[in-house]
Amino acid sequence: MSEANNTRRKLVLGAAAAAATSPFWFNIARAQSGTIKIGFPVPLTGPFAVEAQDQVRAAEIAIQEFNEAGGLNGRLAELVVRDDKLNPGEAATRALELIEKDHVNFIVGSLSSATQLSTNNITKARKILFNSISQSDTINEVKDASPYTFHEALNPHLTGGAVGRYAFPKFGKRIVYLTADYAYGHEMVRGFQTAGKLLGAETLADIRHPLGASDYSAFLPRIQSLKPDILALCNFGRDLVNSAKQATDFGLKATTKIIAPILLYTARQVGGPEAFEGILGGTSYYWRLEDTVPSARAFNDKFRKANGGAVPSDYGALGYAGVRTVLAAVKNAGTTDTEKVIAAMRALKYDFYKGPQYYRACDHQSVQSVLIVESKSKDMKDKNDVFNIVSVEAPNEKNLRTCAELGHQS
Amino acid sequence: MLRNSVLNGISRHRVAAVTGFLLVFPWLMPYEALAVNVLIFGLYAMGFNLLFGYTGMLSFGHAAFLGVGSYGTGIVMVHYGWPWYLAIPAGVILASLFGVVIGWMAIRTRGIYFSMVTLALAQCVYFIFYKAESLTGGENGLRGIKLETIDFLGLQIDLLNPTNKYYFLLIFVVMTLWFVSRVLSSPFGAVIETIRENEKRSAACGYDVARTKLVAFVLSAAICGLAGSLRALHLSVVPVDSLHYLTSGQAVMMALLGGMGTFFGPFVGAAAFLLIEDVVTNITKYWQFVAGAVFMTFVLFFPRGIWGSILHWLRQR
Amino acid sequence: MFDLKLLILQMVTGVALGSVFVLLSIGLSLIFGMLTVVNFAHGAYFMVGAYVGVYALGVTGNFWLSLVIVPLAVGALGLLTERFLVRPLYGRGIDYPLLLTFGLSYVMMDLVRMVFGSDGQPIGTPPGLGGAVDIGVGNFPVYRLFLIVATAIIVAALWLFIEKTRFGLIIRAGARDPEIVRVLGIDVSKAWLLVFGLGTAIAGLSGILAAPIRAVTPEMGIPVLIEAFVVTVVGGMGSLPGAIVAGLLVGIVYSLSSLYVPDFADTSIFVLMALVLLVRPQGLFGRAGLMS
């Protein structure tokens, strides 16, 4: 480690004058041979530590697969994991560290919207390919997107829309939204309302609550008095757990169907069966998909083998997919040269764990299916069997925000 | 005797000594981005130290000035296309203005109430910037702060190169160091220390305590604002938690770790804190435990901080 | 659209919300009033109380028993903290214990993560306290009614203790003038030890009481600390009636602004805090000149 540092110091000292005026210093330093390094900044500490650790485990499986198949003409891949502490300032520093100190070839990662945008800001300026696994489509907007930015994860516009398309015809058209008051929460509402408009759904109220609120009792009486057919919980993680718990306590489930754009496997485990009973939501992946999709079974089996029988969560699967697509593109391109790998990723048509997927041209968004799941508390075969898959919405570009909406010229 | 004259020499030429150290500092750090962070947080802690270590006022809202400096610079660059040499002063001036307003309101209280007021007002600033999504990006932060090359005297300097970036930002830090050193050596610097020691007696000696406190507060805000400004250029984003009280807490921890009321202490504290975080994160995920435990150890046993304790030990022997 | 029933329901919600604030700020106020220590780890004790409670519930299966175990366990932790961490700092200036407790909160959070993991602990509403009842203006959760009643009982017990017992007399005297109390020959340090333990015990108890309605996670103490500060400052640091009135006031303010101006609900309590500090810095019930 220190020897590499010394060599690097000498390089920099020697090239100081030239470096000051040359914009190509970076490319010289980046290895064209040797290990293929994929930087993986995820929030290993903080409220999503468990999810992030699952992502690391799954990403390691993708690396292992690539290496066991011989790598790229003998060049093996390596995952360089870093903790971004769910903090955008820290994420930017980690991205800088990965690029400047570890000389990674590519970066995959990020969980929250703010951290993905922060990481992306650093990578795109330095022409490093970044495949985001954060579930928000702000990164697809023209302001943040770039040729070097890819987005493997789906987003609330897609899942909210899918859940809405399933739930509104079934349960009723009078909707109340309880929304976390930040960009991500607004994305979720937008997803529902876009779908709802086509189905004649009526928004009775869009009640905003502060992000991270622990007590929803201030909002629930008003919701009760409105007597909606559906209550859409447009929030995430802990907020979802708290609001689901408290809505259940207030007895709302007797008259109202509760839906959420994203139903996290881990949130369900923390919240418990009663709080989530009957709640309907969307997700990118649920392990029981293996009953119908062969690639899911293959992925699950590899994960189970490496992790003592545990099944991957939705987050974990994203970690796997994000890394695997990059490595597949590297294999197809036959090189780690960024421009060629980008071209290979754009051309990629793949089915790695949940069915067919591909990257849309204008914003590099992965077009994929959405699973509609319903949480259950009875007939659970084991502690992992927490959802029933009630529907799968097939991949369709039309369900995403259009390229024009995101600001891209066609 | 030689040691004393060396110590005196360093103290008299403290700006040169610290600058000398900072010139070689990047070679001591595992990567430049960390060194730049130390520069920025060192400056932040120095601004805070001016108020806490030298004037004796514990503010729990200094993140407001760091954040306002960052946002000020970021907003004029991203939304109005200002060049960097106008954007940096913009950030500093905005932070100073906030310093005047918050300071004027907070100075009316003392002791623990002062700390609480600064905390409350800083949280109000946090909410204002959080809500102004179209300007600040809200929760997602402000992105797109580009400073990639600088044209200087016909030479093009590439700031994507981390070493160049470090030395570029160092220029501002050195200027501030010089400024702070002058302030501390001036009569004003003496008066703020008297306020820390015994406010009533200082007033009895005829000093306008309220006005002095306000000036110290605004100066402190301006320095933290500059730190914020530089941070925006370094990270090319402004995270919204720059304004949160936990970031205020970081200033407190760094100042104490390094040594309050010393010139070089804040940089030592910033370096120590950031290194602990960086190094510990690679070993264990419980870095908060280590950071908290180290901090408590210092509060209990080494209240002078690292640099303060070193100075004390050197002077005693 | 003025709906009286909704308004009343929202106010009852505010009172239930305020109950947790009241319990938290009583502990904080006690510690500050007697020891002039600002306990930045108060939120962490709240969190530890919730975790101990969930664990005790898991082991004994009895919620009421957990309600007894938690204050004893957390109070003991508070005693240890005061004796070994805070006591050495007396006389060094008011800032040091504050700084120490700030660092302590980080340590406590990670210790809980080490033992229980970073994920939260699920806890359902205790049997017998679940469901909702019609209180005339709408359905209201039984558990929150229980919370209001429990808080009232605890506050009443505390009042009796402080007003009617000798130790309570020492606390009142010590808050007013610690010097005199020492001069009178009373072992102030023992009193401080017990007050710190009492304050943290109440914080822990409020943690387990709040657990069924919030997510039990290592970070749950962070927003709670800020809320406790706001309430204590508004009520007056060191004043028990202040803690009670301010707790309910803040709860109702938050609840009503969530109804009418939801965008500003969070800011509203800070604006309240800033206003009180600027107009009447000692708070509604505090004594002027205390720690100025």
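Note that these values count all heavy atoms, side chains included, but never hydrogens, waters or copies made by symmetry. A note on names: the letters A, B, ... follow the listed sequences, proteins ahead of strands, and every chain is numbered from 1.
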May I ask you to decide whether B:E139 forms a salt bridge with B:K131, counting only side-chain N to carboxylate O separations under 4.0 Å? no
With chain C, which of B:F298, B:Y286, B:Y130 has the greatest number of heavy-atom pairs at distances under 4.5 Å? B:Y286
Highest number of heavy-atom pairs under 4.5 Å with chain C among B:Y245, B:F127, B:F295 belongs to B:F127
Which atoms of [X] are under 4.5 Å from chain B, going by heavy atoms: the side chain, the backbone, both sets, or neither?
X	answer
C:L98	side chain
C:Y96	both
C:I226	side chain
C:M108	neither
C:L89	side chain

Any side-chain donor near an acceptor of the partner, B:T194 and B:S202, under 3.5 Å: yes
Between B:H244 and B:D241, a side-chain donor and acceptor under 3.5 Å: no
Is a donor on one side and an acceptor on the other found under 3.5 Å between the side chain of C:N39 and the backbone of C:L28? no
Side-chain donor/acceptor of C:S239 to backbone N/O of C:G236, under 3.5 Å: no
Looking only at the aromatic ring of each residue, does the gap between the centers of B:F60 and B:F114 stay below 6.0 angstrom? no
Part of [X] within contact of chain C (heavy atom distance under 4.5 Å):
X	value
B:A293	both
B:L300	both
B:Q123	side chain
B:V252	side chain
B:L119	side chain

If you apply the rule ring-ring contact (aromatic ring centres under 6.0 Å, His included), what do you find for B:F129 with B:Y71, and how did you get there? CA-CA 9 Å; B:F129 278 80; B:Y71 275 110; 5.1 Å; yes
Please walk me through it: do B:F65 and B:H62 pass ring-ring contact (aromatic ring centres under 6.0 Å, His included)? CA-CA 6 Å; B:F65 309 119; B:H62 257 54; 5.1 Å; yes
